[in-house]
Amino acid sequence: MSGSGLVSVWNGAAVTHGLMAMFAMGSWVSVNSLWVELPVVVRELPEGWNLPAYLSVLIAFGNLGPIAVTVTHHCAPGRLNERVAIYYIQVLAVVASLFLAIFWSHTVTMAGVERSLPFLLLSFVLALVCCTSTVTFLPFMFRYPPEYIRTFFIGQGFSALFPCIVALGQGVSKLECKTENGTVKAEYLEERFSAQNFFWFLFVMLIISALSFVALTQRQIESQQHRSPRESDSAETSKNREETHRLYSGGTLVSEEQVHMVKEPPAQTFWTARNIYLLALLAISNALTNGVLPSVQSFSCLPYSNMTFHLSVVLGNIANPLACFLAMFFVLRSSVGLGSLSVVAGVFAAYLLALAALSPCPPLQGSLAGKALVVISWIVFTGLFSYLKVVIGTLLHEAGHAALLCCGISIQAGSLIGALTMFPLVNVYQVFVRVQDCVVLDSC
């Protein structure tokens, strides 16, 4: 292939979509990796199974980042350079993951008690980065046509799928039930590779995400340098014919200056009943998918079997990017249709919550139908809400740069409310009862 052919391929839409997905993957891959590796980590660190509670609190404090970004946008509109902010965020994530891979098992004695201070501090930094990415990555997407925001959500789906697949390959939580002296005991099998190697995988994923973002911004610079004056004039004329909130011409990324030069629609035009409705649906869907249901997934699945739990996690994470991919071809714009979709997804969410509340004795526990039903419910629940989030993000993209900032705030606020609601129920009041491995209850 000639040099011009390679340049043409490099500047093509397919490469842009691929880079966009890998860039978006870095948004939540850190927190997702910490969660899936917890069963291995808790056996090494002194906090033991209290570590998930610490991690939940650290992620909640990670919302200080979105608060700072939101305050900056409010007090100094147009002053925050999102591209520079994303560079800082990604460098911080890469450095933190590097230190995590090296020092995750180190402990410090504090007040006579051994604590895993390096792991906790680095987990907070990674949580801060992930939470802040929601309100910086999404507004950055305003520089691209709407179809790229759907690719962005596909990449976010990869941030959960890839760590999950690697953890399964590692053999996390794999056990055998052995009988000794008439008593059945659970024996956890040794993982195929260590937690340190898993955290090196996280480091590589974040490097790939950062390099993908550099490539995206470099493509912008190259396209601007090679554009002739006539092409620039033509593009400017075409842009002026667009509505004020459409900051693109074809698939070309626009510059930082153009983003802030274009006048935003008046604030009152955005806060329509429809947009408020979309933001409310977005907050509710993220509260359920990122806060409420993940907190009780083990309670809803483990009573049926470990395999049911693993299938629910893996297939649910596969349903996420597949639903986002569907949104590339079909966007449901009807408010009634979106509401109906959320109601259907909510029914499956209610069923899964009921199963968790009935743990360790849910209905159809010993039957294949019960196992199939819980796995299908997780797939449909995750897929429907994933599609809903992508469609709402696409519709808000059309409302302007500030709308995408509100989109990110809504996502983060919903996730935080969902997590804070479930934390006391699960960890303090212990409303949900976890089934014991290799134990069959006669009362069921």
Side-chain angles (χ1 to χ4, degrees), residues 24-25 27-32 35 55-56 59-67 69-70 127-139 141 149-150 152-161 275-297 313 316-317 319-321 323-324 327 332 335 338-339 341-350 352-353 378-397 399 403-423 425-426:
M25 176 198 64
S27 59
W28 280 95
V29 70
S30 301
V31 166
N32 290 328
W35 278 119
L55 189 58
S56 298
I59 293 173
F61 277 111
N63 284 279
L64 292 173
I67 292 173
V69 171
T70 304
L128 181 71
V129 165
C130 289
C131 294
T132 310
S133 71
T134 306
V135 293
T136 50
F137 287 19
L138 267 176
M141 294 303 301
I149 200 169
R150 300 160 206 165
F152 177 86
F153 281 107
I154 292 176
Q156 280 200 332
F158 291 158
S159 73
L161 178 61
N275 287 340
I276 294 174
Y277 170 72
L278 292 177
L279 290 175
L281 284 182
L282 191 62
I284 293 170
S285 64
N286 279 277
L288 291 173
T289 56
N290 297 340
V292 176
L293 269 301
S295 301
V296 298
Q297 186 165 20
V313 172
N317 285 327
N320 186 334
C324 299
L332 181 63
S335 297
L338 293 174
L341 199 66
S342 63
V343 169
V344 174
V347 169
F348 284 96
L352 294 171
L353 275 174
W378 273 104
I379 293 173
V380 175
F381 158 76
T382 305
L384 289 180
F385 271 131
S386 297
Y387 177 81
L388 184 73
K389 287 187 282 187
V390 178
V391 169
I392 293 176
T394 301
L395 297 179
L396 291 176
H397 180 284
L404 284 181
L405 176 62
C406 292
C407 178
I409 294 172
S410 181
I411 289 173
Q412 206 55 41
S415 303
L416 177 61
I417 292 171
L420 292 180
T421 300
M422 296 305 295
F423 180 79
L425 297 178
V426 174

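A quick note: this is a predicted structure, and the numbers were derived from the prediction, not measured.
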Which atom pairs, donor and acceptor, lie under 3.5 Å between side-chain atoms of residues 411-419 and protein residues at least two apart or in another chain?
residue	atom	partner	partner atom	Å
Gln412	OE1	Thr134	OG1	2.9
Gln412	NE2	Asn63	OD1	3.1
Ser415	OG	Asn290	ND2	3.0
Ser415	OG	Ile411	O	2.8

Taken to the nearest 0.5 Å, the spacing of Asn275 CG from Leu282 CG works out to 11.5 Å
For Ile409 and Val135, the nearest pair of non-hydrogen atoms, with its separation, is N-CG1, 3.8 Å
Sorted by chain and number, sequence neighbours left out, side chain to side chain donor-acceptor pair (under 3.5 Å) with Ser335 holds for Arg274
Do Leu281 and Leu341 touch side chain to side chain, with heavy atoms closer than 4.5 Å? no
Here the gap from Ile392 atom CD1 to Ser285 atom OG, rounded to the nearest 0.5 Å, amounts to 5.5 Å
Note, Thr289 side chain near Thr382 side chain (heavy atom, < 4.5 Å) | no
Is there a side-chain contact between Asn317 and Asn32, using heavy atoms and a 4.5 Å cut-off? no
Is any side-chain heavy atom of Phe153 closer than 4.5 Å to one of Thr394? no
Interatomic distance, OG1@Thr132 vs CG@Leu128, rounded to 0.5 Å, equals 4.5 Å
In terms of heavy-atom contacts, Cys407 and Gly393 come closest through SG-CA, 4.3 Å
> How about Trp35 and Ile59: do any of their side-chain heavy atoms sit closer than 4.5 Å?
Replying inline: yes
ask   = Is the backbone of Cys406 close enough, under 3.5 Å, to the side chain of Ser410 for a donor and an acceptor to pair up by distance?
value = no
Closest non-hydrogen atoms of Ser342 and Phe385, given as atom of the first, atom of the second and distance, are O-CZ, 4.0 Å
(Q) If you define the side chain from C-beta out and look only at heavy atoms, does anything of Phe158 sit under 4.5 Å from Ser27? (A) no
For Pro321 and Gly157 the tightest heavy-atom approach is CD-CA, 4.3 Å
Between Phe381 and Leu288 the two heavy atoms that sit nearest each other are CZ-O, 3.8 Å
Taken to the nearest 0.5 Å, the spacing of Leu161 CG from Asn320 CG works out to 8.5 Å
Separation between CZ (Phe152) and CG (Leu138), nearest 0.5 Å, reads 4.5 Å
Q. Hey, is CZ on Phe61 packed in by over 12 heavy atoms from elsewhere, all under 6.0 Å?
A. no
- State, yes or no, whether a side-chain contact exists between Leu404 and Ile149 at a heavy-atom distance under 4.5 Å. yes
Taking side chain as C-beta onward, heavy atoms only, is Trp28 less than 4.5 Å from Cys131? yes
In short, Ala60 meets Leu420 closest at the heavy-atom pair CB-CD2, 4.1 Å
dist Leu405:CG -> Leu396:CG (nearest 0.5 Å) comes out at 11.0 Å
